[in-house]
A.B. asks: 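The structure's right below; bear with me while I get my questions together.
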Number of protein chains: 2
Amino acid sequence: MSNALATGDDLLRLLAAMANPHRLRIVAALSRYGVRHVSDLARLVGISRPLLYLHLEKLEQAGVIHSHLALSDDGKALRQVGILPFHVTLSPDLIARFADTLTDFKEKKG
Amino acid sequence: MSNALATGDDLLRLLAAMANPHRLRIVAALSRYGVRHVSDLARLVGISRPLLYLHLEKLEQAGVIHSHLALSDDGKALRQVGILPFHVTLSPDLIARFADTLTDFKEKKG
DNA sequence: TGCATATGTCAGAAATACCTGACATATGCA
DNA sequence: TGCATATGTCAGGTATTTCTGACATATGCA
């Protein structure tokens with residue numbers, strides 16, 4: 001593994017964040033083209049903004065991306081989003097090591 | 001990566017198979033204790049058999065486990081299930097390389 | 001002022017995923 | 001024969017996730 005995965009819940013959150021075609025495309029796009037603002041990214045990936053927001057939220061909670069507001073040259077507020085590099089070697093062994101610290105119990109929000 | 005992941009859909013299927021606490025525990029249990037038959041595994045992981053079947057189906061479709069019927073010493077039919085070792089290094093780069101071969105389009109069953 | 005661009009949030013619908021309880025069948029053993 | 005163990009499948013319900021359309025607000029520019 002690598003990226004500060006402390007508990008089984010962290011691993012699960014990462015896996016769940018990745019288990020969706022739109023989110024894989026979002027990560028792929030950011031990986032290839034670097035930082036992009038929300039509307040730009042929505043066009044790049046081909047989905048609506050509201051939907052993109054939903055997916056960005058999950059990616060952010062999993063620690064896969066990061067975002068912040070910034071002013072563009074022409075004075076518009078842009079939410080810039082970029083990747084937070086990660087590197088996890090998925091294997092039965094890794095999973096065995098993290099399974100014990102799996103909380104479960106349906107408690108979502110934080 | 002490693003395990004014969006050919007397309008983005010394969011990657012997505014693997015990630016989706018892992019994105020569930022029960023399934024992580026199933027993989028962990030099989031990784032630790034080796035081959036187990038269904039009823040045994042259900043007790044080990046602490047879930048009902050019908051539910052276990054559902055999860056095993058997803059794991060099998062993702063190529064993470066394998067199973068077959070075998071006779072026990074006392075003549076009972078047992079479905080033995082075991083892990084098919086895998087080893088995938090998840091990273092933005094890997095995802096960028098697989099994102100193009102993502103089918104999506106809601107077509108499930110095979 | 002009117003149009004284009006951007007952010008951010010909702011309610012409610014549609015689609016999936018997840019789970020339980022019940023049922024049917026088969027073997028070994030007391 | 002009756003009990004325990006095992007496999008395998010279903011209908012039906014609940015819970016989550018995913019997605020759309022509408023709204024409100026702000027800036028720059030013609």
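None of the values given here were measured: they were computed from a predicted structure. Protein chains get the first letters and strands the later ones, always in sequence-line order, with residue 1 at the start of each.
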A.B. asks: Is there a donor-acceptor contact under 3.5 Å linking the side chains of A:S72 and A:D74?
C.D. replies: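 A donor-acceptor contact under 3.5 Å links the two side chains.
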
A.B. asks: CE/B:M18 to CD1/B:I26 distance, rounded to the nearest 0.5 angstrom?
C.D. replies: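 Taking CE in B:M18 and CD1 in B:I26, the distance rounds to 10.5 Å.
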
A.B. asks: Starting at CZ of A:F86, measure out to CG of A:L5 and round the result to the nearest 0.5 Å.
C.D. replies: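 Going from CZ on A:F86 over to CG on A:L5, the span is 10.5 Å.
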
A.B. asks: Can you measure A:E57 atom CD to D:dT16 atom C1' for me and round it to whole angstrom units?
C.D. replies: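 Value for this atom pair: 14 Å.
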
A.B. asks: Are any protein N/O atoms closer than 3.5 Å to N/O atoms in nucleotides 3-11 of chain D? If there are, list each pair with its distance.
C.D. replies:
{"from": "D:dA6", "atom 1": "OP1", "to": "B:R43", "atom 2": "NH2", "distance (Å)": "2.9"}
{"from": "D:dA6", "atom 1": "OP2", "to": "B:R43", "atom 2": "NH1", "distance (Å)": "3.1"}
{"from": "D:dT7", "atom 1": "OP1", "to": "B:V38", "atom 2": "N", "distance (Å)": "3.4"}
{"from": "D:dT7", "atom 1": "OP1", "to": "B:R79", "atom 2": "N", "distance (Å)": "3.4"}
{"from": "D:dT7", "atom 1": "OP2", "to": "B:S39", "atom 2": "N", "distance (Å)": "3.2"}
{"from": "D:dT7", "atom 1": "OP2", "to": "B:S39", "atom 2": "OG", "distance (Å)": "2.2"}
{"from": "D:dT7", "atom 1": "O4", "to": "B:R49", "atom 2": "NH2", "distance (Å)": "3.1"}
{"from": "D:dG8", "atom 1": "OP1", "to": "B:R79", "atom 2": "NE", "distance (Å)": "3.2"}
{"from": "D:dG8", "atom 1": "OP1", "to": "B:R79", "atom 2": "NH2", "distance (Å)": "2.7"}
{"from": "D:dG8", "atom 1": "OP2", "to": "B:Y53", "atom 2": "OH", "distance (Å)": "3.2"}
{"from": "D:dG8", "atom 1": "OP2", "to": "B:R79", "atom 2": "NE", "distance (Å)": "2.5"}
{"from": "D:dG8", "atom 1": "N7", "to": "B:R49", "atom 2": "NH1", "distance (Å)": "2.7"}
{"from": "D:dG8", "atom 1": "O6", "to": "B:R49", "atom 2": "NH2", "distance (Å)": "3.0"}

A.B. asks: Quick one, B:I95 and A:R25 - any side-chain contact, counting heavy atoms below 4.5 Å?
C.D. replies: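 With C-beta onward as the side chain, the pair stays apart.
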
A.B. asks: Whole angstrom is fine here: how far is it from CG in A:L51 over to P in D:dT18?
C.D. replies: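 Taking atom P of D:dT18 as the reference, CG of A:L51 is at 9 Å.
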
A.B. asks: For A:L59 and D:dT18, give me the distance from atom CG to atom C1', rounded to whole Å.
C.D. replies: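 Answer to the nearest Å: 14 Å.
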
A.B. asks: Taking C-beta and beyond as the side chain, do B:S67 and B:Q80 meet within less than 4.5 Å on heavy atoms?
C.D. replies: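 Result no, sub-4.5 Å side-chain heavy-atom pair not found.
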
A.B. asks: Per the ring pair (Phe, Tyr, Trp, His ring centres under 6.0 Å) rule, what does the pair list look like for residues 42-65 of chain B, sequence neighbours excluded?
C.D. replies: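 Sorted pair list: B:H22-B:H55.
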
A.B. asks: For residues B:L14 and B:V64, determine if any side-chain heavy atom of one lies less than 4.5 Å from a side-chain heavy atom of the other.
C.D. replies: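 Heavy-atom side-chain distance check passes, below 4.5 Å.
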
A.B. asks: NE2 of A:H22 versus P of D:dT18: gap in Å, rounded?
C.D. replies: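 After rounding, the gap between these two atoms is 9 Å.
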
A.B. asks: What is the distance, rounded to the nearest whole Å, between atom CG of B:D73 and atom C1' of C:dC29?
C.D. replies: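 It works out to 15 Å between those atoms.
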
A.B. asks: With nearest nucleotides of DNA chain D determined for A:G75 and A:H55 from heavy-atom distances, which residue corresponds to the more 5′ nucleotide?
C.D. replies: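 Between the two, 5'-proximity favours A:H55.
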
A.B. asks: For C:dA17, take OP1 and OP2 only and decide whether either is under 4.0 Å from a side-chain N or O of B:N20.
C.D. replies: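 Checking B:N20 against C:dA17: no side-chain N or O falls below 4.0 Å of OP1 or OP2.
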
A.B. asks: Given Watson-Crick or G-U pairs with both distances under 3.5 Å, what dot-bracket string fits DNA chain C, with | for other-strand pairs and [ ] for crossing?
C.D. replies: ||||||||||||||||||||||||||||||

A.B. asks: When you compare the side chains of B:T7 and B:D9, does any donor N or O come within less than 3.5 Å of an acceptor on the partner?
C.D. replies: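 No.
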
A.B. asks: Using atom CZ of A:R13 as one end and atom P of D:dT17 as the other, report the distance to the nearest whole Å.
C.D. replies: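 Distance, rounded to whole Å: 12 Å.
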
A.B. asks: Expressed in angstrom and rounded to an integer, what is the separation of A:L12 atom CG from D:dT17 atom P?
C.D. replies: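 After rounding, the gap between these two atoms is 10 Å.
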
A.B. asks: Over how many whole Å does the gap from B:L71 atom CG to C:dA26 atom C1' extend?
C.D. replies: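 One finds 11 Å between C1' of C:dA26 and CG of B:L71, rounded.
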
A.B. asks: Answer whether the closest heavy-atom distance between the side chains of B:L15 and B:L90 falls below 4.5 Å.
C.D. replies: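 Side chain of B:L15 against side chain of B:L90, heavy atoms only: contact under 4.5 Å found.
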
